[in-house]
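Down below is the structure, laid out as C-alpha cells.
All values below come from the heavy atoms of this structure, side chains included, with hydrogens, waters and symmetry mates left out. On a predicted model such as this, the values are computed, not experimentally measured, just so you know. Chain identifiers are assigned alphabetically (A, B, ...) following the order of the sequence lines, protein sequences preceding nucleic acid strands; residue numbering begins at 1 within each chain.
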Protein chains: 2
Amino acid sequence: MPSTNQKKPRAHFRRVAPDDRARQLAEATLRCIQKKGSAGISARQIAAEAGVTQGLITHHFGEIGELVAYAFDVMSEGLLEAIMAATEAAPNTPQARLEAYIQASFSQSFFDQEVLRVWVVFWGLILHSPRMSSSQKREYSGFLTSIERLLIDLAANEGFVIADTRLAAIAFNALLDGLWLAWCLNPEAFRPEEGAALCRQWVEGLRRGASAQHQAGS
Amino acid sequence: MPSTNQKKPRAHFRRVAPDDRARQLAEATLRCIQKKGSAGISARQIAAEAGVTQGLITHHFGEIGELVAYAFDVMSEGLLEAIMAATEAAPNTPQARLEAYIQASFSQSFFDQEVLRVWVVFWGLILHSPRMSSSQKREYSGFLTSIERLLIDLAANEGFVIADTRLAAIAFNALLDGLWLAWCLNPEAFRPEEGAALCRQWVEGLRRGASAQHQAGS
DNA sequence: AGCGAAATTATACGATCATATAACAAGGTC
DNA sequence: GACCTTGTTATATGATCGTATAATTTCGCT
C-alpha cells in the first residue's frame, strides 16, 4: 500500500563557509579518485562522497573540471609544503636538509600507495586540462627551485661542482617521481628505504663529479 | 518533402581477420586516448575512430576494459621491442649497447609527446584494472631485466662494481620514466638531448662507485 | 553456385552523466 | 524577532554511457 502519501521532508543541512565547503569537496574528490581512479570523477559520486547534493558543486565551482583542478591544487600544494616543512625542521646543514628531503619523500606520509594513486591519475588528467596544466607548471617549478637550492648549498659546502644545477634538479626530481610511480604500480619491486637509498646514491654520483661528464653535445 | 521513403541501405563492410580487427581497434583506442585522455575511452568514440559500429567491440572483446588492456599490451610490447631492436643493432660492446638504449629512449620515435601522453594515461588506469596491472608487471619486469643485463655487462667490461644490479636497474628505469613524465607534462623544461645526458651522467655515477655508498640500512 | 559460420551493422534499453533552474532554509544583521 | 542574502536541496533535461539482442551481410568452403 503506497497510500502513505506523506511527502518526505526536505533534508536538513548546515551552511558552511564557501572556502571550507570548497575544501570539503576537494577532499571528497581525492577520496573518489583514490577509490576508482579517473572513473571516480563525477559530480554525483563526489557529491555523495561529501554528503551533499550535486547542485552544490555547480554552485561553488561551475563545472566539474574546476573542482578537480582545485583538488589537484590542494593536494599539490599540501605535498610541497609538507616536504619543505620537514626540510626546514632539519639541522641547518646542507647534508641534513637534503637528507630530510629524501626521508620525507619516502616517509609513510607521502610514499603511500593511496596517496600516489591519486597523484598518478592527476598526471594523466593534466595533459588534457589547461587549467590543471598551469597549476602543474607552477608546482613543478616550486619543486625544482627547492631541490636546486638544496643541491647548490651541498655543492658549495663540500666543494664539488655541478655543471648545471637546473638540470641536476630536474634529474633528481625525475628519479623521485619515477620511483614513486614504479613503486605505486609495483609495490613489491622495492622497499621505501631502498628507494631512499637510490636517491642518496644519485647524490653520491653528483659528489663524485658525474655531472661534469658526458654533457649533451660534447 | 520527406516523402522519399527509401530506407537507407545497410552499410557495406568488409570482413577482417579477428587478429587484424583487434589490432585496428587497439590502434583506434590509442588515438582516442591521445586526443582526449581517459575521457576518450568509450565504445562509441573508439568505434567511430575505427570506422565501425560499437557492437564490434563487444563482439571481439566483450567488455570495453578488455580492449583498453589489449591496447596497452600492443603499445607496451611494441615499445620494448623497438628499444631492444635498437640496442641489438648497436655494435656489440657494453658501452655502445647502453648508449643505443639511451639514444632510442630519447629519439623522436619514443620521446614524443603524442606517444607519452598515452603512456601517462595508461599509468593512471593500471592502478584500477587488475587486467592491465598484470600486463604492466610483466612488461616492467621485461624492461628491468633488459637494463640489468646492460649494466652487468658494462660493469664487467670496465671493471667496476654495482652493489645491487636489480636496484640499479630500477633506478635507471625510474629516471627514464621520470624524465619522460616531466618532459611530457612540461616540454619546455629541457630538451631531449639533455634528458639523454642526464641518463649518461647517472651511469657515470655508477662507474665512479656511487652505488656502493649509502646503502639502505647502513 | 550456394550453404553456413561468423563478422558486422542496426537498434534498443536502462543507467549515469553534466548542467540548468527553481524552490527552500539557514543564519547573520538590523 | 523579522528580513534578506546565499548556501543548499530538489528536480528536470538532453546527451552519452555500456551492453544485450536481433537482423543482415560477407566470404570461405565444398
- Query: In whole angstroms, how far is the C1' atom of D:dT8 from the CG atom of A:Asp20?
  - Reply: 16 Å
- Give one of base, sugar-phosphate or nothing for A:Ile64, where a contact means two heavy atoms less than 4.0 Å apart. sugar-phosphate
- Query: Heavy-atom count around B:Arg23 CZ within 6.0 Å, excluding the residue itself: above 12?
  - Reply: no
- Query: Considering only side-chain heavy atoms of B:Ala43, which listed nucleotide, D:dG18, D:dT9, C:dA18, is closest?
  - Reply: D:dG18
- Here the distance between atom C1' of C:dT8 and atom CD1 of B:Ile57, to the nearest Å, is 13 Å
- Item | B:Asn186 side chain vs B:Glu188 backbone, donor-acceptor pair below 3.5 Å | no
- Between A:Gln45 and the options A:Gln54, A:Lys36, A:Arg31, the side chain to side chain contact (heavy atoms under 4.5 Å, CB included) test singles out A:Lys36
- Residue whose closest nucleotide on DNA chain D lies nearer the 5' end, B:Phe13 versus B:Ile41: B:Ile41
- Message: Students often get this wrong, so: under 4.0 angstrom with heavy atoms, is B:Glu63 touching a base, only sugar-phosphate, or nothing?
- Response: sugar-phosphate
- How long is the line joining CZ of B:Arg10 and P of D:dT24, in whole Å? 7 Å
- Message: Any side-chain to backbone donor/acceptor pair from B:Trp180 onto B:Ser105? Under 3.5 Å, distance only.
- Response: yes
- Task: Calculate the interatomic distance between B:Ile46 atom CD1 and D:dT19 atom C1'; express it in whole Å.
- Result: 14 Å
- Look at atom CD of A:Gln108 and say whether more than 12 heavy atoms of other residues, nucleotides or ligands are closer to it than 6.0 Å. no
- Message: Of the options C:dA10, D:dT8, C:dA7, whose atoms approach the side-chain atoms of B:Pro18 most closely?
- Response: C:dA7
- Which sits closer to the 5' end of DNA chain C, B:Gln54 or A:Ala11, going by the nucleotide each is nearest to? B:Gln54
- Mark yes or no for a side-chain to base donor-acceptor pair under 3.5 Å between A:Arg14 and D:dT8, with no hydrogen or angle criteria applied. no
- How many Å lie between NZ on B:Lys36 and P on D:dT16, as a whole number? 9 Å
- Note on the structure: B:Leu67 atom CG is separated from D:dG18 atom P, nearest whole Å, by 11 Å
- Message: So, OP1 or OP2 of D:dT8: does either fall under 4.0 Å of a side-chain N or O from A:His59?
- Response: no
- Hey, does the side-chain of A:Arg15 have a donor or acceptor N/O within less than 3.5 Å of a partner on the base of D:dT8? no
- Item | N or O in side chain of B:His60 less than 4.0 angstrom from C:dT8 OP1/OP2 | yes
- Options C:dA7, D:dA20, C:dA25, nucleotide nearest the side-chain atoms of B:Thr58: D:dA20
- Message: With a 4.0 Å cutoff (strictly under), does any side-chain N or O of A:Thr53 reach OP1 or OP2 of D:dA10?
- Response: no
- Message: Given C:dA26, D:dC17, C:dT8, identify the nucleotide with an atom nearest to the side chain of B:Gln45.
- Response: D:dC17
- Task: Give the nucleotide from the list C:dT11, D:dT13, D:dA10 with an atom nearest to the side chain of A:Arg44.
- Result: D:dT13
- Item | Interatomic distance, A:Leu56 CG vs C:dC24 P [rounded to whole Å] | 19 Å
- Message: Would you say A:Thr165 and A:Glu148 are linked by a side-chain donor-acceptor pair, where the criterion is simply a distance under 3.5 Å?
- Response: yes
